[in-house]
Amino acid sequence: MEMKPLTRVLLGLVCLLVAIWLVAPTLVVVPMSFNENKSLAFPPQGFSWQWYQNFATNPDWSNAFLNSLKVASIVAVLATVLGTLAAFGLDRMKARPANLLRMLMLTPMVVPGVVLAIGIYAVYLDTQLVGTLIGFVLAHTILALPFVLIAVSASLEVFDRRLETAAASLGAGALTTFRTVTLPLIAPGVLSGLLFAFATSFDEIVVSLFITNPYLKTLPVQIFASITRDADPTVAAVGTILLFATTILIGGGMLLLGRERKGRP
Amino acid sequence: MNPVQASRGAAIDLEAISKAYGGFKALDGVSLRIEPGEFMTLLGPSGSGKTTTLNVIAGFTDVTSGKLLVGEKSVVGVPAHKRNIGVVFQHYALFPHMSVGRNVAYPLTLRGVDKATREARVARALDMVKMGDFAHRYPSELSGGQQQRVALARAIVFDPPLLLMDEPLGALDKKLREWLQLEIKRIHRELGTTFVYVTHDQEEALMLSDRIAVFNRGRIEQVGTGRQLYDEPATLFVGRFIGDSTVLRGEARSDGNSTALSIAGETVTAPRKLSGEASPVMLLRPEKLSLRRPGQSASGGNRLSGTIGEAIYLGSESKYEVKLADGSAAIVRSPLTGESFGLGDKVELCFDGSDATLLADDASADTTLT
Ligand SMILES: Nc1ncnc2c1ncn2[C@@H]1O[C@H](COP(=O)(O)OP(=O)(O)OP(=O)(O)O)[C@@H](O)[C@H]1O
Ligand SMILES: [Mg+2]
């Protein structure tokens with residue numbers, strides 16, 4: 001459709017404004033991380049790398065970062081495996097019970113985080129899971145599972161099940177069919193579920209605040225603790241690192257997907 | 001398996017197969033013997049149970065009752081992936097994430113065939129369907145006809161003793177369909193495999209098959225060669241489903257060995273009798289009917305008066321639709337060398353009584369056909 005020049009300029013302007021509005025708060029973090037003074041004031045003064053140094057050398061920060069990486073990696077794998085199996089099972093069930101079960105599994109997304117956190121905390125006190133790796137992994141998996149379920153279910157929705165019949169006629173049993181036909185074709189959904197699960201765990205804060213203790217902190221907990229205690233610009237340095245890491249990850253993923261699509265129209 | 005040795009086809013026995021969905025009987029006591037190496041077509045209108053029969057043989061659908069033998073062995077309860085039967089689907093069902101070569105190699109990989117043998121057999125199967133140059137393409141880069149040829153290669157590459165095809169050419173245009181019919185016929189001849197082919201296109205059935213099983217409402221009405229079905233239909237449904245036909249209905253009177261029908265005041269006779277109570281109708285093929293101008297003297301035989309309702313020029317011959325006095329229509333085919341008639345001409349429809357097939361009337365034959 002052809003647009004009038006004026007319309008096009010106006011549209012561009014509006015898009016630009018919305019874009020600035022969306023990313024500006026995030027980008028503010030970048031200059032703040034190079035502040036010379038120990039303050040979170042904006043605009044920052046001077047220039048220094050000291051907060052990045054602090055992040056790398058201060059065990060409070062590096063341990064928290066490694067903990068988060070560890071927890072999020074395990075959660076991503078666990079939630080992806082469980083969520084994919086659940087999505088597959090629900091896809092093959094009768095519609096009515098499947099919808100009920102699906103709603104049940106999606107509740108962690110709907111229930112207020114604080115309520116969930118209180119519940120988990122109460123259970124963890126009894127079972128001594130507070131401040132443990134298992135405790136974090138289990139809690140985060142509950143939260144990440146719905147994202148995997150949704151992503152994989154969407155892929156299964158468009159998957160042509162008649163291909164499984166064809167595979168059977170060619171000699172493939174149920175497991176082989178899943179491994180060689182179904183899984184490769186729903187892989188984009190599984191992959192985005194994996195990413196979502198990782199991200200969900202990596203920046204989870206509400207439940208984490210409840211089940212953390214001085215021996216095991218994740219990065220968001222450390223950020224929160226730091227910012228409530230003093231105005232330490234290391235927070236901004238961490239934010240900047242995460243910003244670039246996610247940009248590269250997502251951008252790279254999109255590039256890869258785009259190339260694959262072009263190679264196989 | 002030795003590639004030189006042609007694989008022998010398997011025999012199939014369906015014995016009183018029934019399949020019910022809730023209270024609805026999709027198959028109602030289907031019995032059929034298919035000989036090794038035979039090309040059998042299941043023909044019938046939509047919803048008559050052709051696909052269900054094929055799915056039962058392939059193992060995609062389990063039966064409610066009845067026996068099923070493939071190669072003289074019962075396969076009831078054997079899952080589809082253990083039956084070693086090739087299947088070609090109307091919707092191609094190629095794996096979109098695999099190249100043509102990997103699609104065709106898939107059944108061989110599953111069977112643990114080593115790489116060298118696998119590549120040789122894939123190449124041979126692709127050559128057989130004339131797709132040898134396309135091994136590196138992906139299914140989305142092929143036309144419908146090309147995809148179906150790859151699907152055919154994939155279904156025969158593991159030398160199954162039986163190949164099932166469910167309207168494999170249904171989604172293709174007429175020219176391509178006719179060419180692929182010839183290809184399928186050639187491949188059947190070269191392989192010696194038993195083929196079971198589903199279609200609702202009677203011309204396709206006549207062109208391909210050794211024998212045809214005509215389905216109607218979950219039952220088989222008749223099994224036979226195309227010629228048998230055309231010349232000696234067992235039921236009115238078969239007579240009307242295969243080829244063009246004219247059905248004469250009237251007040252019936254049987255005496256001795258002949259039957260007379262009185263139609264709007266005129267009487268026609270056939271030197272035959274129908275056994276049983278049902279009221280008889282006469283079925284006539286278009287080439288057994290001829291047209292004359294009224295009053296023209298003619299030898300003996302039956303005559304009915306009518307008017308030309310439709311005249312169609314078909315190149316080598318003309319096809320006329322004649323409105324009879326009772327309102328029904330007759331279809332006549334006559335060579336261009338004969339006299340030609342125009343729309344609205346009064347004519348006499350002539351035929352020899354011995355050319356008429358007497359069949360039991362069945363009002364439902366008309367409704368299921370349309
Ligand atoms: N899964 C099912 N549940 C209920 N009814 C079914 C099911 N599958 C088939 N049927 C019914 O069984 C009957 C036979 O179906 P079938 O698919 O065998 O017909 P067909 O002869 O292949 O027709 P077509 O030429 O349209 O493909 C139809 O009336 C159909 O509605
Ligand atoms: Mg069908």
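Convention: sequence-line order gives letters A, B, ...; per-chain numbering from 1.
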Starting from the C-alpha separation in whole Å, work towards a yes-or-no answer on side-chain contact (heavy atoms from CB on, under 4.5 Å) for A:Thr180 and B:Phe95.
CA-CA 10 Å; A:Thr180 57; B:Phe95 305 128; over 6 Å; no
Where on A:Ala167 is there a heavy atom nearer than 4.5 Å to chain B: the side chain, the backbone, both, or neither?
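For A:Ala167, the contact with chain B is made by backbone and side chain together.
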Below 4.5 Å from any heavy atom of chain B, which atoms of A:Leu185 appear? Answer side chain, backbone, both or neither.
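Contact with chain B: side chain only.
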Kindly indicate whether the side chain of B:Tyr106, heavy atoms from C-beta on, has any atom under 4.5 Å from the side chain of A:Val181.
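Yes, close enough: below the 4.5 Å cut-off.
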Residue selection (most heavy-atom pairs with chain A, distance under 4.5 Å) from B:Pro107, B:Ala155, B:Pro79, B:Gly86
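Of the options given, most contacts go to B:Pro107.
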B:Ala58 versus chain A, the contacting section by heavy-atom distance below 4.5 Å:
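Neither the backbone nor the side chain of B:Ala58 comes within 4.5 Å of chain A.
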So for B:Ile85, is it side chain, backbone, both, or neither that comes closer than 4.5 Å to the heavy atoms of chain A?
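The backbone, not the side chain.
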With B:Phe215 via ring-ring contact (aromatic ring centres under 6.0 Å, His included) - residues at least two apart
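Per chain and number, B:Phe215 pairs via ring-ring contact (aromatic ring centres under 6.0 Å, His included) with no residue.
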Look at A:Ala187, A:Ala174, A:Pro184, A:Ala172 and state which one has the largest set of heavy-atom pairs under 4.5 Å with chain B.
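So the answer, after comparing A:Ala187, A:Ala174, A:Pro184, A:Ala172, is A:Ala172.
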Is the count of non-hydrogen atoms from other residues, nucleotides or ligands lying under 6.0 Å from [X] atom [atom1] greater than 12?
X        : atom1 : answer
B:Glu35  : CD    : yes
A:Arg96  : CZ    : no
A:Ile134 : CD1   : no

Can you list every ring-ring contact (aromatic ring centres under 6.0 Å, His included) pair that touches residues 62-108 of chain A, not counting sequence neighbours?
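Listed once each, the pairs are A:Phe55-A:Phe65, A:Phe88-A:Phe178.
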